[in-house]
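These notes are about the structure you will find just below.
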Amino acid sequence: MDSTDWGSYSYAFGPVMALLAVGVLVVLLRWTYARGKSVVERRPAQGSSDDYGLLEVVSAPPTFVEAEVQRRTLVDAGIRATLAPTTEGPRVMVFPTEAGLARQILEQQR
């Protein structure tokens, strides 16, 4: 295959490749700067303790350090617990089925 096989299409090769390169750049830039689809984690938004769906507050310690100690105590006891930074302060939250047991464990800790 030599250069004569391209025939009359050889003049379009350069512009087509340039348009293809620009198209790829457009797609990449649209993906990069699209709103709401970032791969970078956002800072968690603080809300009230009612904004956490099924989770129920079992403890409201005054500091995050105490809240983390309580959360870790519950996790060590086999209870799935979450430390939530609410607008009212730190809250230790669990699912309602485990709330009674979690409260008992935290009472024994005190």
Side-chain angles (χ1 to χ4, degrees):
M1 183 170 184
D2 60 11
S3 64
T4 58
D5 290 338
W6 278 67
S8 62
Y9 297 114
S10 64
Y11 73 92
F13 182 74
V16 167
M17 292 308 285
L19 286 173
L20 184 64
V22 168
V24 168
L25 287 174
V26 166
V27 168
L28 286 174
L29 289 172
R30 285 184 58 96
W31 174 67
T32 302
Y33 292 105
R35 297 225 179 242
K37 298 177 184 170
S38 176
V39 294
V40 178
E41 186 177 355
R42 293 186 185 147
R43 296 183 80 182
Q46 289 186 354
S48 71
S49 56
D50 297 334
D51 291 341
Y52 288 87
L54 292 177
L55 296 177
E56 186 175 317
V57 176
V58 292
S59 177
T63 66
F64 280 97
V65 174
E66 292 178 37
E68 179 58 26
V69 169
Q70 291 177 1
R71 186 195 71 81
R72 192 68 218 164
T73 301
L74 294 174
V75 169
D76 290 343
I79 297 174
R80 295 177 294 174
T82 300
L83 171 57
T86 66
T87 53
E88 299 96 20
R91 299 293 185 257
V92 179
M93 303 178 123
V94 298
F95 286 103
T97 56
E98 300 173 325
L101 180 59
R103 286 188 181 98
Q104 287 176 354
I105 291 170
L106 292 176
E107 282 296 321
Q108 290 174 358
Q109 180 191 16
R110 291 182 189 164

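Values in this document were obtained by computation on a predicted structure and should not be read as measured data.
Among Glu56, Glu98, Gln108, the single residue meeting the side chain to side chain donor-acceptor pair (under 3.5 Å) criterion with Arg103 is Glu56. The residue from Ile79, Leu83, Val94 that alone fulfils the side chain to side chain contact (heavy atoms under 4.5 Å, CB included) condition with Arg71 is Leu83.
Put simply, the side chain of Val57 does not reach to within 4.5 Å of the side chain of Tyr52, judged on heavy atoms. Using a 4.5 Å cut-off on side-chain heavy atoms (C-beta onward), Val65 and Glu68 make no contact. The closest side-chain heavy-atom distance from Ser48 to Thr87 is below 4.5 Å.
Among all heavy-atom pairs drawn from Leu106 and Ser59, the shortest one is CD1-CB, 3.8 Å. Pro15 approaches Ala12 most closely through the heavy-atom pair CD-O, 3.4 Å. When every heavy atom of Pro90 is checked against every heavy atom of Pro61, the shortest pair comes out as CG-O, 3.5 Å.
A distance of 11.5 Å separates CG in Asp50 from CG in Leu55, rounded to the nearest 0.5 Å. Annotation: the span from Met93 atom CE to Ser49 atom OG amounts to 5.0 Å, rounded to 0.5 Å. In this structure, the separation between CD on Glu107 and CD on Gln109 is 10.0 Å, given to the nearest 0.5 Å. Taken from OG1 in Thr82 to CZ in Arg91, the straight-line distance is 14.5 Å, to the nearest 0.5 Å.
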Step by step, work out the side chain to side chain contact (heavy atoms under 4.5 Å, CB included) result for Leu74 and Val58. CA-CA 11 Å; Leu74 294 174; Val58 292; 4.3 Å; yes

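Counting heavy atoms of neighbouring residues, nucleotides and ligands inside a 6.0 Å radius, atom CG of Leu20 exceeds 12 of them.
Asp76 places no side-chain N or O within donor-acceptor distance of the main-chain N or O of Thr73, the cut-off being under 3.5 Å.
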